[in-house]
Asks: 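Dumping the structure here so I can ask a few things about it.
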Amino acid sequence: MTSEDRCCTSHIMPTYNRLPITFERGEGAWLLDENNNRYLDAISGIAVCNLGHAHPAIHKAICAQSEKLLHTSNIYKIDAQERLADKLTEKSGMDNVFFCNSGAEANEAAIKLARKFGHAKGVENPAIMVMEKSFHGRTLATLSATGNSKIQQGFAPLVEGFVRVPYNNIGAVEQAIEQNNNIVAILLEPIQGEGGVNIPAADYLNGIRSLCDRHELLMMLDEIQTGIGRTGKFLAFQHNHILPDVCTLAKALGNGVPIGACLARGKAAQLLTAGTHGSTFGGNPLACSAALAVLATLEKEHLVELARQKGQVICAGFVERLQGNKHIVDIRHKGLMIGIELDSPCAELVKSALQKHLLINVTNETTIRLLPPLIIDEQQIRQLVETLSTLINEFTA
Ligand SMILES: *Cc1c(COP(=O)(O)O)cnc(C)c1O
């Protein structure tokens, strides 16, 4: 049976337009198909496998934990969960953590927390400010928070209580606060991933922090894509020398083992109490031991600093090879979160790259998004830059 036959008779709900390829195993930044053909992975399972595939430290941690225990329950103390929370709060400057299994769930926790915060302040109908072009997940509340009508299409009635403003526009935030006296929190991505790798002004998050302080709002950062070293800091807000009140993580936290986390600080850390929120799997021993190994490996291999350096090398390479190409609108990056924006839709580049054994992604129709694993080496970086710039130059010619 060929893969095409399989796809016609699939019993999988068609929620994804899948590329016609299956990978059997991985080695660092390589993925290998059934015939042992190597593909260079410049997307990391969408910012998940930051340590690359089959990293021995993760493999070891998962094996060791599975020999002892996979799961108990959150009705007991879980040692690995306590240690992971210690490590995450130490590295982030936050106070405590709620563990769950995905990004959407982490944002659900943040949204519930913001509503409790509002009610505790005496706001009867609390609203959360969110951004245009944002992405926060696919559950009902998180798709309602998401700034993309395609994602909301067909799912009305949406969850209410969101006020939307343009991204990277402090004046719009100020105005919305003045016009809506029920706003209790602002939820945003430090860099918009799905929305097109949109990097705001260097002091944008500082501006949001000041407004949240002045108006007693919770600053809630969705670091699900930007977190865990991706941008050249452990968390992207650390570029701004500020602390949010709430911060959500998932994707790379387990390097492929599902885990999500909602971190809170100060008064926000006191709101979700016994009986108000929960999760069967959240923070179970297996997921937490994987995440502990991820954090230890990031430090041991200095991957966060390396992400900053490698991002610079990759972007300098693209700037050099794409200079003079009038169809390039912008090449932007923070660490290894990279966007190359063209002046027309370029989704077909994903397929032509696949033919050249390179895995990339296109977001917001015109932006090539690269999220290579932080362990990508020099030779692979050269291959990525050469292959992709040639493809782009051919595509735009
Ligand atoms: C991927 C992503 C999510 C959703 O995470 P899931 O694990 O797919 O639920 C939320 N926010 C951002 C910024 C993301 O990139």
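Because the structure is a prediction, the values reported are computed rather than measured. Whatever order the structure lists ligands and atoms in, that order sets their numbers, starting from 1.
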Asks: Within ligand 1, which atoms have a heavy atom of Glu189 less than 4.0 Å away?
Replies: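 Going through ligand 1 atom by atom, the ones under 4.0 Å from Glu189 are 13 (C).
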
Asks: Near Asn107, which atoms of ligand 1 are under 4.0 Å from a heavy atom of that residue?
Replies: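 Reading through ligand 1 atom by atom, the close ones are 10 (C), 11 (N).
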
Asks: Whether Arg25 and Glu34 form a salt bridge (side-chain N of Lys/Arg under 4.0 Å from carboxylate O of Asp/Glu) is what I want to check.
Replies: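 Not counted as a salt bridge, because no side-chain N and carboxylate O are separated by less than 4.0 Å.
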
Asks: Determine whether the side chain, the backbone, both or neither of Thr142 has a heavy atom under 4.0 Å from any heavy atom of ligand 1.
Replies: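 The answer is neither.
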
Asks: Would you mind running through ligand 1 and noting each atom that sits below 4.0 Å from a heavy atom of Asp222?
Replies: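 So the atoms of ligand 1 that pass are 10 (C), 11 (N), 12 (C), 13 (C).
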
Asks: Aromatic rings His277 and Phe98: how do their planes relate, parallel, tilted or perpendicular, breaks at 30° and 60°?
Replies: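 Rings of His277 and Phe98: tilted, 30 to 60°.
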
Asks: Less than 4.0 Å between a side-chain N and a carboxylate O, is that true for Lys133 and Glu194?
Replies: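 Here Glu194 does not pair with Lys133 in a salt bridge, since their nearest N and O are not under 4.0 Å apart.
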
Asks: Taking non-hydrogen atoms only, is Lys251 closer than 4.0 angstrom to ligand 1 via side chain, backbone, both or neither?
Replies: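 Within the 4.0 Å criterion, Lys251 contacts ligand 1 through side-chain atoms alone.
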
Asks: Determine whether the side chain, the backbone, both or neither of His136 has a heavy atom under 4.0 Å from any heavy atom of ligand 1.
Replies: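 The answer is the backbone of His136.
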
Asks: Indicate yes or no: does Arg230 engage Glu189 in a salt bridge with an N to O separation below 4.0 Å.
Replies: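 No, no charged N to carboxylate O under 4.0 Å.
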
Asks: Show me the pairs that pass ring-ring contact (aromatic ring centres under 6.0 Å, His included) and involve residues 100-142, at least two apart or across chains.
Replies: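 Those involving residues 100-142 do not exist here.
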
Asks: Under 3.5 Å between any N/O of Ala104 and any N/O of ligand 1: does that happen in this structure?
Replies: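 There is such a contact, yes.
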
Asks: Please list the nearest protein heavy atom to atom 7 (O) of ligand 1 with its residue and the distance rounded to 0.1 Å.
Replies: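 Residue, atom and distance for the closest contact: Gly103 N, 2.8 Å.
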
Asks: If a pair satisfies ring-ring contact (aromatic ring centres under 6.0 Å, His included) and one of its residues is in residues 373-397, list it, with sequence neighbours excluded.
Replies: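 Pairs touching residues 373-397 that pass the test: none.
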
Asks: Determine whether a donor-acceptor pair (N or O, by modelled atom type, separation under 3.5 Å) exists between the side chain of Ser73 and the backbone of Ile75.
Replies: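 Yes, the answer is positive, given that a donor and an acceptor are paired below the 3.5 Å cut-off.
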
Asks: Any heavy-atom pair between the side chains of Asp41 and Pro372 that's under 4.5 Å?
Replies: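 With C-beta onward as the side chain, the pair stays apart.
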
Asks: So for ligand 1, is Gly137 a polar contact partner (N or O within less than 3.5 Å, distance only)?
Replies: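 No, there is no polar N/O contact under 3.5 Å.
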
Asks: Please work out, at 4.0 Å between heavy atoms, whether the side chain, the backbone, both, or neither of Ser102 comes within that distance of ligand 1.
Replies: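 Answer for Ser102: both.
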
Asks: Does an N or O from Gln225, backbone or side chain, lie closer than 3.5 Å to an N or O of ligand 1?
Replies: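 Among all N and O atoms of Gln225, at least one is under 3.5 Å from an N or O of ligand 1.
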
